[in-house]
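To start, the structure under review is shown below, and the notes come after it.
Each chain gets a letter, A, B and so on, in the order its sequence line appears, and its residues count up from 1. Only a predicted model underlies this, so the values are computations on that prediction, with no experimental measurement involved.
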Protein chains: 2
Amino acid sequence: MNLESASPTGFEATSGLTQKGEQTRARILEAALFLFMERGYDRATMREIARQAGVSLGNAYYYFRSKEHLIQGYYAQSHQDHLQACRDILEHEKNLEDRLRKVLEAKIVTSEPYHQFAGALFKTAADPSSPLSPFSPESQPTRSQATQLMAQVLDGSDVNAPDDLAAELPKLLWLYLMGVILFWIHDRSPGCARTFLLIEHTSRLVAKLIRLARNPLLRPLTHRTLEMLRDFQADDRRLTDSQDSL
Amino acid sequence: MNLESASPTGFEATSGLTQKGEQTRARILEAALFLFMERGYDRATMREIARQAGVSLGNAYYYFRSKEHLIQGYYAQSHQDHLQACRDILEHEKNLEDRLRKVLEAKIVTSEPYHQFAGALFKTAADPSSPLSPFSPESQPTRSQATQLMAQVLDGSDVNAPDDLAAELPKLLWLYLMGVILFWIHDRSPGCARTFLLIEHTSRLVAKLIRLARNPLLRPLTHRTLEMLRDFQADDRRLTDSQDSL
DNA sequence: GTCTATAACCGGATAGAC
DNA sequence: GTCTATCCGGTTATAGAC
């Protein structure tokens, strides 16, 4: 369950840290995630995280600029877990409704251990100026990975959306996923039953809409919507360039 | 620009405070809103707010349980400003597209002075455990007022939605408004031009969808969607009871 | 130059006297 | 209802060890 696996290459282009540094960093991150889960984000103090990791407080701040930055570790881990859980689904399920629903359900299931502190997490992520905002430039790598996953959901399915729509759909589905997560964060029902209900209903609805998109009656509506989306992405081109391997 | 106008009745059913208490409370709130606008939420310290209001730090906490609670004052003010700005629109505009668009635009225009600190504000509001979450029980009064406004947008318009849809639409439009605000908070374009673009496009789209809802092709879709919504509100009935005058 | 530690600072929040 | 004194935890400054 290690997040960092020290690359045994001679140099450390990604981090600029020595092996020992990497290890210390990993220990702090591990301690943080453990304590976040154990008692929630707010009540896990930096002092305690440092102590648990066996380092001083100042040292923890040497590796992580702020408490919030410790959360990035969670993002990465969460997406990896999700990918893992989706492998089977993407391989065997062909029906779009089911693909979509199961992939969304997998996201919630794999995120469940973190539910209690996801609220606090989201609190900081919601601030647009925060590097943790899912819309921030810093999140671009993770965002684009998640979008790719949605593209796979579509590609392997039994539905062939019109080309113009198909080009935008992965991004739209990612946005839909964000909405579901937003709901989940606020969901206090036992076992997050309401979120699963939401997924069940909306995934069917969304899939149906995608199927309907070829219908002549809806074509102008679809067309106008897509035009709008392209408008908005005109300015966003600054970010969509290079890309880490993460 | 006073938020509280001390009711000259003998008793204070709403607040449980004496007149002097009301005044002190109002002074603190006024100082807070002033400083929030002056230098942003984060950099306005409680100590400074207290000093500006001419009270001690502890005293400020006597009236407001936390710094976050001071934000409620902003909510109330913002909605009042919006109502004011909507009066004309609701009275003279009949076309649904235009009503909707103008009401949304009014929300953004009246909120513009607070844009810089709305991010920080939203940050705390996004936490589901916070009383400031727009979905929290504490926000119910404001939420229901805003929903009523949306009902008015529909009622006075030239569109007559099917009954089952009409019953849910105000809430849905309020949710739509929340989405627009979310976008606005993240909008860094000059004059928030992108938000206005978003409103222009989506309000037309939403209005068109409402008009389309009578179409037989879409009826089953609409019906299923509404069923889903009713499902979800089944549990929410605990909150929808009494209501402050605010 | 990379890492680690100690000692402060600052601001939100609370306790308890008056 | 109002104050003062204090706690607590995120964050920073800075000095020194490897």
Side-chain angles (χ1 to χ4, degrees), chain A residues 4 6 10-29 31-32 35-36 38-72 117 120-121 123-125 127 129-132, chain B residues 4 6 12 15-29 31-32 35-36 38-72 117 120-121 123-125 127 129-132:
Chain A
E4 327 287 310
F11 70 119
E12 305 290 337
T14 41
S15 58
L17 290 174
T18 67
Q19 297 105 307
K20 194 173 69 165
E22 280 295 355
Q23 278 172 10
T24 308
R25 189 192 147 87
R27 247 186 310 134
I28 295 169
L29 193 49
L35 284 170
F36 288 165
E38 190 81 349
R39 62 195 64 180
Y41 180 78
D42 283 330
R43 284 189 312 197
T45 74
M46 286 298 283
R47 285 163 175 85
E48 206 171 5
I49 290 167
R51 184 151 34 82
Q52 170 112 7
V55 299
S56 73
L57 177 62
N59 199 204
Y61 276 96
Y62 175 79
Y63 288 101
F64 296 92
R65 208 174 311 151
S66 74
K67 190 177 179 182
E68 294 187 8
H69 280 75
L70 282 165
I71 297 175
Q72 287 288 21
F117 96 96
L121 178 163
K123 179 175 169 170
T124 81
D127 185 350
S129 63
S130 163
L132 290 164
Chain B
E4 326 287 311
E12 304 289 338
S15 58
L17 292 173
T18 67
Q19 297 104 309
K20 195 174 70 163
E22 279 297 353
Q23 279 172 11
T24 309
R25 188 192 149 88
R27 249 185 309 134
I28 296 169
L29 193 50
L35 285 170
F36 287 164
E38 192 81 349
R39 61 195 65 181
Y41 180 78
D42 282 331
R43 283 189 313 198
T45 72
M46 286 298 282
R47 284 163 174 83
E48 206 171 3
I49 290 168
R51 184 150 33 81
Q52 169 112 6
V55 299
S56 73
L57 176 62
N59 200 203
Y61 276 98
Y62 176 79
Y63 287 102
F64 296 92
R65 208 172 315 152
S66 76
K67 190 178 179 182
E68 294 187 8
H69 280 76
L70 282 165
I71 298 176
Q72 287 288 20
F117 96 96
L121 179 162
K123 179 175 167 169
T124 80
D127 184 351
S129 63
S130 163
L132 289 164

task = For side-chain contact (heavy atoms from CB on, under 4.5 Å), just list the numbers for A:Met46 and A:Tyr61, CA-CA rounded to whole Å, side-chain angles, deciding distance to a tenth of an Å, and then say yes or no.
result = CA-CA 9 Å; A:Met46 286 298 283; A:Tyr61 276 96; 3.4 Å; yes

ask   = When you match B:Val55 and A:Tyr41 each to their closest nucleotide on DNA chain D, which lands nearer the 5' end?
value = B:Val55

message = Rounded to whole Å, how long is the line connecting atom CZ of B:Arg43 with atom P of C:dC10?
response = 16 Å

Protein-nucleotide distance (A:Lys67, atom NZ; D:dT12, atom P), rounded to Å = 14 Å

key: Residue pairs involving residues 48-69 of chain B (criterion salt bridge (Lys or Arg N to Asp or Glu O under 4.0 Å); sequence neighbours excluded)   = A:Lys123-B:Glu68, B:Arg39-B:Glu48

task = For side-chain contact (heavy atoms from CB on, under 4.5 Å), just list the numbers for A:Tyr62 and A:Thr24, CA-CA rounded to whole Å, side-chain angles, deciding distance to a tenth of an Å, and then say yes or no.
result = CA-CA 10 Å; A:Tyr62 175 79; A:Thr24 308; over 6 Å; no

key: Nearest-0.5 Å distance that lies between atom OG1 in B:Thr45 and atom CG in B:Leu35   = 8.0 Å

inquiry  = I need the CZ-P distance between A:Arg27 and C:dC3, as an integer number of Å.
reply    = 13 Å

note = Here the distance between atom C1' of D:dA15 and atom OH of A:Tyr61, to the nearest Å, is 20 Å

ask   = Base, sugar-phosphate, or nothing: which does B:Gly58 touch, judged by heavy atoms less than 4.0 Å apart?
value = base

ask   = Hey, mind stepping through A:Phe64 and A:Leu29 against side-chain contact (heavy atoms from CB on, under 4.5 Å) and telling me if it holds?
value = CA-CA 9 Å; A:Phe64 296 92; A:Leu29 193 49; 4.1 Å; yes

message = Please determine whether a side-chain nitrogen or oxygen atom of A:Ser66 lies at a distance below 4.0 Å from atom OP1 or OP2 of D:dG10.
response = no

task = Under 4.0 Å between any heavy atoms, over every strand shown, what does A:Ala50 touch: base, sugar-phosphate, or nothing? Just pick one.
result = nothing

message = Please determine whether a side-chain nitrogen or oxygen atom of A:Tyr62 lies at a distance below 4.0 Å from atom OP1 or OP2 of C:dT4.
response = no

inquiry  = Using OP1 and OP2 only, check whether a side-chain N or O of A:Tyr63 sits under 4.0 Å from C:dT4.
reply    = yes

request  = Under 4.0 Å between any heavy atoms, over every strand shown, what does B:Thr45 touch: base, sugar-phosphate, or nothing? Just pick one.
outcome  = sugar-phosphate

task = Would you kindly compare A:Thr24 and B:Met46 by the position of their nearest DNA chain C nucleotide and give the one closer to the 5′ end?
result = A:Thr24

task = Please report, rounded to the nearest Å, how far the P atom of D:dC7 is from the CG atom of B:Leu57.
result = 15 Å

Whole angstrom value for the distance that separates C1' of C:dG11 from CG of B:Leu35 = 15 Å

Length of the line joining B:Arg65:CZ and C:dA15:P, which is rounded to integer Å = 14 Å

inquiry  = Please report the distance, rounded to the nearest Å, between CZ in A:Arg47 and P in C:dA5.
reply    = 15 Å

ask   = Does B:Asn59 make a side-chain N or O approach to OP1 or OP2 of D:dG1 shorter than 4.0 Å?
value = no

